[in-house]
Amino acid sequence: MKSIYPISVIALGLAGLATGCEDFLDQNSESELNTETVYSSVYYTGLRVNKVYGLLGQDQTYSQIIPIVSSTNSDCELVDGLGENCTKANERGVMNYNGTPSSWEKGLGRVWSGLYGVIEDCNLNIEGIRNSSLVDADNSQGKAMRRYLGESLTLRAMAYLDLIRLFGDVPLKLEKSKSDLSNAYVGKTDRDVILDTLLLNLDEAAELLPWAGEVADYTTERTTRGFAEALYAQVALTRAGYAIRESAKPGYVTASEFSDAQYPTQRPDDETRKALYEKALAKLSDVIKSGKHSLNPSFEDEWYLVNQRTLDKSYQENIFEIPMGLAVTGELGYTIGVRVNKETSTFGPKGNSSGKQVTTAMLLYSYDEHDSRRDITCVPYQIKEDGGVTKEMTLGNNPFSLYIGKWDVRKMNDEWLQAAKASSDKVMTGINCIRMRYSQLLLLYAETLNELAGPTGHATGDAGITAREALAMVHSRAFSEADKGYAEAYMASVPTDKDGFFEAIVDENAWELTGEGVRKFDLIRWNLLVKKTNEMKQQYLDEIVGKVPKKVYFNYTDAAKTKIDVKSFTWYSTPSNTSDYDGEMTSYGTDDLKDGASKNRSNLASISCGLGGVTTEIKGGFVAPVTGTVINRNLMPLYQTTVADSNGTLENSYGW
């Protein structure tokens with residue numbers, strides 16, 4: 001029997017799914033009341049909205065697939081699928097852009113159904129609240145209902161944006177499903193139509209929502225005005241950017257490179273783009289001028305709080321964190337983060353950190369050596385048991401396999417540690433999924449204002465700071481007070497022209513946001529994903545091999561030599577007296593030649609090998625193999641069952 005919702009718009013009913021707020025735990029009994037009863041009560045409506053937050057905590061939505069797996073590959077975020085693994089019919093093949101409609105059922109099929117499950121419950125709420133007798137009341141009940149409406153509109157928009165970024169054109173469904181199937185089979189809608197609809201919805205939502213901290217319980221674990229406006233800007237910039245299309249659109253601009261003849265990479269005309277940038281600027285400026293969100297002066301402290309599962313109520317830098325629940329949901333810190341390799345006496349029998357998403361030596365060397373983000377983001381060692389002692393052990397010459405240390409078991413609290421020690425199975429960390437940080441918003445503002453007025457100009461509706469000043473705020477925060485001079489020197493070197501300044505924004509995006517599910521989708525809308533991936537490969541050959549030390553030295557922080565002093569690594573030159581150091585590691589300057597073959601070069605060739613659609617020749621005789629036939633095919637295919645259950649309304653495009 002076919003599902004009543006053939007596009008997988010299924011309310012999955014996760015009774016008992018824990019999130020970061022206790023209010024989200026009770027999602028079951030009252031939600032089964034009839035619609036009229038539910039939306040005639042603020043209490044019952046709140047439970048229905050809480051259920052949507054619960055749906056965001058599934059593996060197939062924001063616990064694992066969206067923030068970790070489907071946000072790779074980029075130029076600095078890779079799935080641990082090198083060599084022959086890059087073409088396998090699992091997430092490693094899909095993330096190397098080698099997916100097929102039959103690949104990775106638990107990912108391609110489930111992320112689709114998971115996001116449409118969110119959308120279906122949001123549709124129920126939106127329709128129910130709009131028809132409620134309470135929503136227009138000029139009292140506390142009316143205000144609460146309007147807030148719930150704003151939350152549902154915002155969460156639906158977030159889900160649709162992610163569907164579009166993963167699959168391209170998708171079905172647009174803005175009403176609850178009917179039992180007679182009259183609205184069950186829905187074909188694709190052009191993504192630009194959907195994005196325009198989301199802008200209208202988010203404009204309404206922002207007016208309905210409070211700022212974070214202004215109303216009881218509306219912390220950064222709920223959608224607030226700040227997130228609705230930031231998401232509006234993100235949608236507008238996505239709408240203004242490049243995308244691979246199912247067919248050419250008249251009046252659109254076709255990219256001069258990395259565009260397929262049949263499935264062109266296009267963006268809107270200049271007039272449309274300017275209007276979208278102006279709309280984005282107004283929303284970003286409103287958040288900045290509100291003063292409700294700011295940068296934590298310490299990048300390290302902000303990530304310590306994330307690992308501790310403690311909301312930053314002083315700065316509210318994380319504008320929206322999807323709440324997760326310890327030992328129930330949340331893969332951040334397990335599927336991504338500093339790796340714990342198998343059982344250890346310190347962290348328990350499972351290991352609890354697989355490090356599936358990794359970064360590169362090229363990113364490490366791109367940082368200023370005084371930039372505090374480098375050693376938090378790029379981790380060249382793992383945690384492992386050795387002779388009954390838990391130790392930090394270097395990885396050696398693995399330039400495409402550094403762990404991303406923003407999530408770090410050593411910074412998690414004792415509650416997590418005791419849960420990990422008590423279980424031989426994977427323990428969900430409960431770390432929230434961050435959907436927007438203030439630093440990301442500042443970079444979006446810098447990009448938007450630069451597009452409209454250049455690095456130092458002003459435009460109608462800006463926040464009173466220039467694009468250059470916004471960029472400087474993000475960059476400078478990464479340096480200690482003693483090292484601020486290095487940040488100032490860098491900013492003095494940033495080009496003063498619009499195009500050169502944009503390149504600085506692209507760089508800062510990587511330094512600030514690697515691993516956070518942001519980079520890949522920004523590169524796509526800039527049409528830089530293929531270009532930056534190729535540049536990363538070329539950088540390995542031109543700037544890493546034979547150019548940086550073939551061996552690096554380091555010290556430990558303890559006499560037992562179990563904890564590495566990350567600031568002691570001699571990344572840039574070989575010390576004159578190596579005996580001053582406790583340990584050494586064969587490093588990235590070595591080409592790893594074995595019997596005339598280089599494992600690293602072979603692995604390099606496999607990275608994102610289905611993306612280009614054409615053989616990419618790299619200087620020095622290196623050729624990157626390509627498995628796909630469509631240029632810039634950065635989207636996922638629809639899973640075969642999704643298509644089969646659509647009653648003929650859906651089909652795959654882009655050569656699948």
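One-based numbering along the sequence shown.
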Problem set entry | All ring-ring contact (aromatic ring centres under 6.0 Å, His included) counterparts of Y304, not counting sequence neighbours | none
Problem set entry | By ring-ring contact (aromatic ring centres under 6.0 Å, His included) - contacts of W416 (at least two apart) | none
Seminar exercise, completed: Separation between CG (L364) and OG1 (T377), nearest 0.5 Å, reads 9.5 Å
For this session: Would you please name every residue forming a ring-ring contact (aromatic ring centres under 6.0 Å, His included) with W571, sequence neighbours left out?
Result: F569, Y588
Problem set entry | side-chain hydrogen bond (donor to acceptor under 3.5 Å, both in side chains) between S74 and E77, intermediate numbers included | CA-CA 5 Å; S74 72; E77 297 148 330; 2.8 Å; yes
Exercise. Can you tell me how far CZ of R374 sits from CD1 of I376, rounded to the nearest 0.5 angstrom?
Worked result: 11.0 Å
Problem set entry | Whether N296 side chain and S298 backbone form a donor-acceptor pair below 3.5 Å | yes
Seminar exercise, completed: Hits for side-chain contact (heavy atoms from CB on, under 4.5 Å) against N307, two or more places apart or cross-chain, chain-then-number order -> W407, D408, K411, M412, I431
For this session: Check whether more than 12 heavy atoms from other residues, nucleotides or ligands sit under 6.0 Å from atom NZ of K567, and answer yes or no.
Result: no
For this session: Could you please spell out the steps behind the side-chain hydrogen bond (donor to acceptor under 3.5 Å, both in side chains) verdict for N555 and D565?
Result: CA-CA 6 Å; N555 286 318; D565 177 4; 5.6 Å; no
For this session: Please confirm whether the backbone N or O of Y97 pairs with a side-chain atom of R633, one donor and one acceptor, at under 3.5 Å?
Result: no
Problem set entry | Residue pair K356, E91: steps toward the salt bridge (charged side-chain N to carboxylate O under 4.0 Å, His left out) verdict | CA-CA 10 Å; K356 181 174 290 185; E91 69 271 28; 2.4 Å; yes
Exercise. Is the number of heavy atoms from other residues, nucleotides or ligands within 6.0 Å of NZ (K484) greater than 12?
Worked result: yes
Exercise. Does R468 reach the main-chain N or O of V494 with its side chain, forming a donor-acceptor pair under 3.5 Å?
Worked result: yes
Exercise. Within 45° of the axis and under 6.0 Å from the centre of the six-membered ring of F521, does NZ or CZ of R165 qualify?
Worked result: yes
Problem set entry | Distance-only donor-acceptor check, side chains N73 and S608, under 3.5 Å | yes
Exercise. Can you list the residues that meet the salt bridge (charged side-chain N to carboxylate O under 4.0 Å, His left out) rule with D375, with sequence neighbours excluded?
Worked result: none
Report, one line per pair, each donor and acceptor closer than 3.5 Å where one atom sits in a side chain of residues 499-511; sequence neighbours left out.
residue, atom, partner, partner atom, Å
E508, OE1, H475, ND1, 2.9
E508, OE2, R373, NH1, 2.8
E508, OE2, R373, NH2, 2.8
E508, OE2, H475, ND1, 3.1
N509, OD1, R519, NH1, 3.3
N509, ND2, D522, OD2, 2.9
W511, NE1, S366, OG, 2.9

Exercise. Under the 3.5 angstrom rule, does the side chain of K406 hit a backbone N or O of T514 as a donor-acceptor pair?
Worked result: yes
Seminar exercise, completed: Hits for side-chain contact (heavy atoms from CB on, under 4.5 Å) against S372, two or more places apart or cross-chain, chain-then-number order -> F299, A478
Seminar exercise, completed: Taken to the nearest 0.5 Å, the spacing of W112 CH2 from L166 CG works out to 10.5 Å
Problem set entry | Selection residues 379-391 - residue pairs positive for side chain to side chain donor-acceptor pair (under 3.5 Å), sequence neighbours left out | N341-Q382, S345-E385, S345-T390, T346-T390, Y381-R410, E385-T390, D386-K391
Seminar exercise, completed: Hits for ring-ring contact (aromatic ring centres under 6.0 Å, His included) against Y556, two or more places apart or cross-chain, chain-then-number order -> F554
Exercise. Does a donor on one side chain and an acceptor on the other come within less than 3.5 Å for Y553 and D580?
Worked result: no
Output side-chain donor-acceptor pairs under 3.5 Å for residues 79-86, partner residues at least two apart or in another chain, one line each.
residue, atom, partner, partner atom, Å
D80, OD1, R92, NE, 3.1
D80, OD1, R92, NH2, 3.2
D80, OD2, R92, NH2, 3.3
N85, OD1, K88, NZ, 3.0

For this session: For residues L115 and I66, determine if any side-chain heavy atom of one lies less than 4.5 Å from a side-chain heavy atom of the other.
Result: yes
For this session: Step through it carefully: locate the ring centre of Y486, locate the ring centre of H370, and say whether they are under 6.0 Å apart.
Result: yes
Exercise. Is there side-chain contact between D260 and N632, with at least one heavy-atom pair below 4.5 Å?
Worked result: no
Problem set entry | Separation between OG1 of T429 and CD1 of I336, rounded to the nearest 0.5 Å | 11.0 Å
Exercise. Rounded to the nearest 0.5 Å, how far does OG1 of T562 lie from CD1 of I383?
Worked result: 10.0 Å
Exercise. How far apart are the C-alpha atoms of D425 and K350, what are their side-chain angles, what is the distance that settles it, and do they pass the salt bridge (charged side-chain N to carboxylate O under 4.0 Å, His left out) test?
Worked result: CA-CA 6 Å; D425 296 322; K350 176 65 177 177; over 6 Å; no
Exercise. Charged N to carboxylate O under 4.0 angstrom, K426 versus E331?
Worked result: yes
Exercise. Is it true that R601 and D591 have a side-chain N and a carboxylate O under 4.0 angstrom from each other?
Worked result: yes
Exercise. Is a salt bridge present between E321 and R309, judged by a nitrogen-to-oxygen distance below 4.0 Å?
Worked result: no
Seminar exercise, completed: CZ (R110) and CD (Q64) are apart, to the nearest 0.5 Å, by 8.5 Å
Exercise. Between L78 and T72, is any pair of side-chain heavy atoms under 4.5 Å apart?
Worked result: no
Exercise. If you measure from the Lys or Arg side-chain nitrogens to the Asp or Glu carboxylate oxygens, is any gap between E516 and R435 under 4.0 Å?
Worked result: no
Problem set entry | T238 side chain to Q234 backbone, donor-acceptor under 3.5 Å | yes
For this session: Under the side chain to side chain contact (heavy atoms under 4.5 Å, CB included) rule, what do C76 and M536 come out as? Steps first, then yes or no, please.
Result: CA-CA 8 Å; C76 53; M536 175 267 291; over 6 Å; no
Problem set entry | Check: Y242 ring centroid to W526 ring centroid under 6.0 Å | no
Exercise. Less than 4.5 Å apart, any side-chain heavy atom of I434 and any of V306?
Worked result: yes
For this session: Not counting sequence neighbours, which residues clear side-chain contact (heavy atoms from CB on, under 4.5 Å) with P637? List them please.
Result: P101, L108, N652, W656
Exercise. Excluding sequence neighbours, so at least two apart, what forms side-chain hydrogen bond (donor to acceptor under 3.5 Å, both in side chains) with S579?
Worked result: N577
For this session: Could you go through the salt bridge (charged side-chain N to carboxylate O under 4.0 Å, His left out) check for K563 and E392 one step at a time?
Result: CA-CA 6 Å; K563 298 180 180 179; E392 296 169 1; over 6 Å; no
Problem set entry | Under 3.5 Å donor-acceptor, K106 side chain and V111 backbone | no
Exercise. With no hydrogens and no angle check, is any side-chain donor or acceptor of N90 less than 3.5 Å from a backbone partner on G93?
Worked result: yes
Problem set entry | side chain to side chain contact (heavy atoms under 4.5 Å, CB included) between D312 and N318, intermediate numbers included | CA-CA 8 Å; D312 172 8; N318 298 334; 5.7 Å; no
